[in-house]
Structures are given as C-alpha cells and as structure tokens.
Amino acid sequence: RILNISFSIGLDGISASFILLTSFLVPLCILYSWNQFPYTIKELIILLLLIEFFLLGFFLVLDLIFFFIFFESVLIPMFLLIGSFGSRKRKIHSSLQFFLFTMIGSFFMLFSFFLIYVHEGTMLLNSYYFCNFDFYTQNIIWLCLFFSFSVKVPLFPLHLWLPEAHVEAPTIGSVILAGVLLKMGTYGMLRFIVPVFYYSNYFFNPLVFFFCFLSIFYVSIITFCQIDLKKLIAYSSVSHMGFVVLGLFSFSFQGLQGSIFLMIS
C-alpha cells in the first residue's frame with residue numbers, strides 16, 4: 001500500500017455480465033482469425049489476450065488509480081491491432097486518431113481522480129461512494145469524468161474516431177470495438193457518475209439529453225447514407241450508445257435496466 005492506494009478487486013452482477021461478454025467474444029475472435037493471419041497468428045493472439053486481460057482487470061478493479069491504468073492499457077494492444085493488422089490504406093491514421101482522442105479524454109479523468117484523492121485521501125471505490133463534495137467541486141469532477149467517458153462511448157460530437165477505427169481495423173478489431181470497448185465508457189458512467197453526483201446529474205441533465213438526442217437522431221440519419229458495412233455498424237453503434245446513456249441518466253429503474261441490457265445485447 002503506497003499513498004493509500006492498493007490493488008483490490010471485486011465482483012457484482014453488472015461486472016460479471018461484462019466479464020462473461022468479454023470472455024465469450026475474445027475466444028471467438030481467436031477462432032475466426034486462426035486462418036486469416038497464418039504468418040502472424042502468434043502476435044495476434046498475444047494482442048487479443050492482452051486486450052482480454054486488461055478488460056477483465058478494468059471490470060474487476062476497485063481502486064480508482066488501477067481503474068485508470070487498466071482503462072488506458074487497453075489502448076496499446078488495440079492501437080497495434082488496428083495499425084498492424086488493418087487491411088486498408090488509412091490504418092495508421094485511424095489508429096493514431098483513436099489513440100489521441102482517448103488519451104485527451106483520459107487526461108480529464110486523471111485530473112478528476114486527483115481532485116477526488118486530494119478531497120478524500122483514498123482511491124478506493126467503496127469510499128468514493130460516500131464522498132461529500134460541494135456543488136462546484138461536484139460540477140468540475142462531473143464535467144471531467146463525463147467528457148472522458150463520452151469520448152470512449154462515443155457521444156456526438158466526440159464520435160469522429162470510431163468510424164475510422166471501425167473501417168480500418170480487421171474484422172476481429174471491429175468486433176471487440178463494438179462488443180466491449182464502447183461499453184467501457186458507459187460502464188464508467190454507471191460506476192462513477194450516476195451513483196455519486198446527485199446535484200450535478202440533475203443540473204447537467206438537459207445537456208446530457210441534448211447530446212444523447214443528437215447521437216440518436218442525427219447519427220441515425222448519417223447511418224442511412226452509408227454504403228460501407230463497417231461504417232454503417234460504426235455509426236449505428238454511436239446511435240445505440242446514445243440510447244444507453246439516455247437510459248443511465250433517466251434516473252429510473254427501467255432506464256437503468258434497459259441501458260445495461262442494451263450494453264450487453
């Protein structure tokens with residue numbers, strides 16, 4: 001234990017659902033790619049298993065700093081997967097765009113965790129649920145966390161990296177992106193924003209609904225215009241995640257239940 005930071009893990013029904021989802025998808029990706037990349041299969045399997053390891057750690061960990069480490073660590077194998085195994089011309093550009101968008105968002109998450117640590121003196125998730133922030137501190141932390149997770153979801157207008165990454169990634173990369181990686185953002189909102197920041201949630205609710213409606217309606221119209229199947233999946237994923245965020249911030253049991261169901265389905 002250093003600076004009151006310790007590695008601890010825990011499991012509940014929501015985490016277990018995402019762990020099952022991850023454990024189901026990654027072996028399927030390995031089976032699919034077995035004959036697709038005969039000369040580089042070893043490197044590909046290493047990358048996929050690293051992604052699985054970091055994702056499982058992300059869904060299990062109970063300390064904020066380790067949550068951040070696992071959140072960031074997924075970037076590295078995913079960056080290599082898109083840049084090395086993509087089959088189109090813009091794969092390096094899209095992998096860099098994916099990396100930079102998420103890194104900028106993660107800076108705000110790190111800043112908000114630093115504020116929480118200064119305020120509470122601990123990074124444990126269980127202690128975080130009993131924090132008592134004043135209104136202005138709540139708003140600052142809420143905005144930083146929401147921006148960070150919105151990049152990962154992604155919500156409109158922070159969705160620009162996703163169509164590029166989807167199109168340039170190999171098929172297994174698209175499966176992992178749409179299947180699990182986008183859910184990291186909404187999982188973070190469910191764990192860190194919705195249960196703690198009561199006043200800020202209601203204060204910023206119109207803003208959240210505005211961006212969710214843009215993600216649902218405007219991006220759905222863009223989806224109708226696509227002729228590339230991967231881009232169609234990417235834009236429709238943005239629209240679906242708009243429904244998930246809308247459910248999370250509806251502050252009703254049915255909305256919460258529906259958003260978790262849609263994340264897994």
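For the numbers below, each heavy atom of this structure counts, side chains included, while hydrogens, waters and symmetry mates do not.
- Note: N139 CG to C144 SG = 11.0 Å, rounded to the nearest 0.5 Å.
- Taken to the nearest 0.5 Å, the CD1 atom of I46 stands 10.5 Å off from the CD1 atom of I41.
- Note on ring orientation: taking the six-membered ring where Trp is involved, the planes of F146 and W142 are parallel (angle under 30°, cut-offs 30° and 60°).
- The number of heavy atoms from other shown groups lying within 6.0 Å of CZ (F204) is above 12.
- Formation of a donor-acceptor pair under 3.5 Å by the K231 side chain with backbone atoms of I227 is not found in this model.
- Under the 4.5 Å side-chain criterion, counting only non-hydrogen atoms from C-beta, S15 is in contact with R191.
- Atom CD1 of I216 is separated from atom CE of M241 by 11.5 Å, given to the nearest 0.5 angstrom.
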Would you sort out whether L145 and M109 count as a side-chain contact (heavy atoms from CB on, under 4.5 Å), showing the intermediate values? CA-CA 5 Å; L145 284 174; M109 186 198 295; 4.0 Å; yes

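- No path of Ile, Leu, Val, Met, Phe, Trp and Tyr side chains, each step under 4.5 Å between heavy atoms, connects F261 with F251, placing them in separate hydrophobic clusters.
- Side-chain contact between H240 and S236 is present, with heavy atoms from C-beta onward closer than 4.5 Å.
- Summarising the geometry of A178 relative to S237, their closest heavy-atom pair is CB-OG, 4.1 Å, with the distance given to 0.1 Å.
- A side-chain contact (heavy atoms from CB on, under 4.5 Å) with L155 is found for one member of L214, T186, V245 and no other, namely V245.
- Within a 6.0 Å radius of CZ in F224, other residues, nucleotides and ligands contribute 12 heavy atoms or fewer.
- Taking each heavy atom of S23 and E52 in turn, the nearest pair found is CA-OE2, 3.6 Å.
- You'll find the side chain of M184 reaches within 4.5 Å of the side chain of L55, heavy atoms only.
- A donor-acceptor pair under 3.5 Å is absent between the side-chain atoms of N201 and the main chain of F249, judged by distance alone.
- L232 and F156 fall into different hydrophobic clusters, where Ile, Leu, Val, Met, Phe, Trp and Tyr side chains are chained together by heavy-atom contacts under 4.5 Å.
- Across G247 and S250, no two heavy atoms sit closer than the pair O-OG, 2.7 Å.
- Looking at T223, its side chain does come within 3.5 Å of a backbone N or O of V219 through a donor-acceptor pair.
- Shown here for P154 and V238, the closest heavy-atom pair between the two residues is O-CG1, 3.6 Å.
- Residue F108 forms a ring pair (Phe, Tyr, Trp, His ring centres under 6.0 Å) with just one option from F68, F114, F149, F147, and that option is F147.
- Residues L20 and L11 are members of separate hydrophobic clusters, defined by side-chain heavy-atom contacts under 4.5 angstrom among Ile, Leu, Val, Met, Phe, Trp and Tyr.
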Would V180 and I51 count as a side-chain contact (heavy atoms from CB on, under 4.5 Å) if you check the C-alpha gap in whole Å, the side-chain angles of each, and the deciding distance to 0.1 Å? CA-CA 10 Å; V180 190; I51 290 170; over 6 Å; no

Evaluate the criterion side-chain contact (heavy atoms from CB on, under 4.5 Å) for residue pair E43 and L80; output intermediate values, then yes/no. CA-CA 10 Å; E43 292 82 359; L80 293 171; over 6 Å; no

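- Note that the CG atom of L143 and the OG atom of S200 stand 7.5 Å from one another [nearest 0.5 Å].
- Remark: L64 CG to L110 CG distance equals 11.0 Å, nearest 0.5 Å.
- To the nearest 0.5 Å, atom CG of residue L229 and atom OG1 of residue T171 are 9.5 Å apart.
- Counting only heavy atoms from C-beta outward, the side chains of I9 and L62 never approach each other to under 4.5 Å.
- Surrounding CZ of F243 are at most 12 heavy atoms belonging to other residues, nucleotides or ligands under 6.0 Å away.
- In this structure, I176 and C29 have side chains that are in contact, with non-hydrogen atoms separated by less than 4.5 Å.
- Put simply, the side chain of T102 never gets that close to the backbone of F99: no donor and acceptor are under 3.5 Å apart.
- The minimum heavy-atom distance between V244 and S259, with the atom names listed, is O-CB, 3.2 Å.
- For residues 170-200, every residue pair satisfying the ring pair (Phe, Tyr, Trp, His ring centres under 6.0 Å) rule, not counting sequence neighbours, is listed here: F18-Y187, F58-Y187, F59-Y187, F67-F192, F113-F192, Y128-F192, F133-F197.
- No side-chain heavy atom of S106 sits under 4.5 Å from any side-chain heavy atom of K152.
- If you check the side chains of S239 and S220, you find a donor sitting under 3.5 Å from an acceptor.
- The local environment of CZ in F111 is sparse, with at most 12 non-hydrogen atoms from other residues, nucleotides or ligands closer than 6.0 Å.
- Between L21 and M263, every side-chain heavy-atom pair lies at or beyond the 4.5 Å cut-off.
- Residues Y202 and L248 share a single hydrophobic cluster, defined by chaining ILVMFWY side chains whose heavy atoms lie under 4.5 Å apart.
- Counting heavy atoms from C-beta outward, L44 and I172 have side chains that approach closer than 4.5 Å.
- A continuous path of hydrophobic side-chain contacts links F135 to I141 [ILVMFWY only; heavy atoms under 4.5 Å].
- Using the six-membered ring where Trp is involved, F209 and F213 have ring planes that are perpendicular, over 60° apart on the 30 and 60° scheme.
- Summarising the geometry of V151 relative to G105, their closest heavy-atom pair is CG2-CA, 4.3 Å, with the distance given to 0.1 Å.
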For side-chain contact (heavy atoms from CB on, under 4.5 Å), just list the numbers for L115 and I140, CA-CA rounded to whole Å, side-chain angles, deciding distance to a tenth of an Å, and then say yes or no. CA-CA 9 Å; L115 286 179; I140 292 167; 3.8 Å; yes

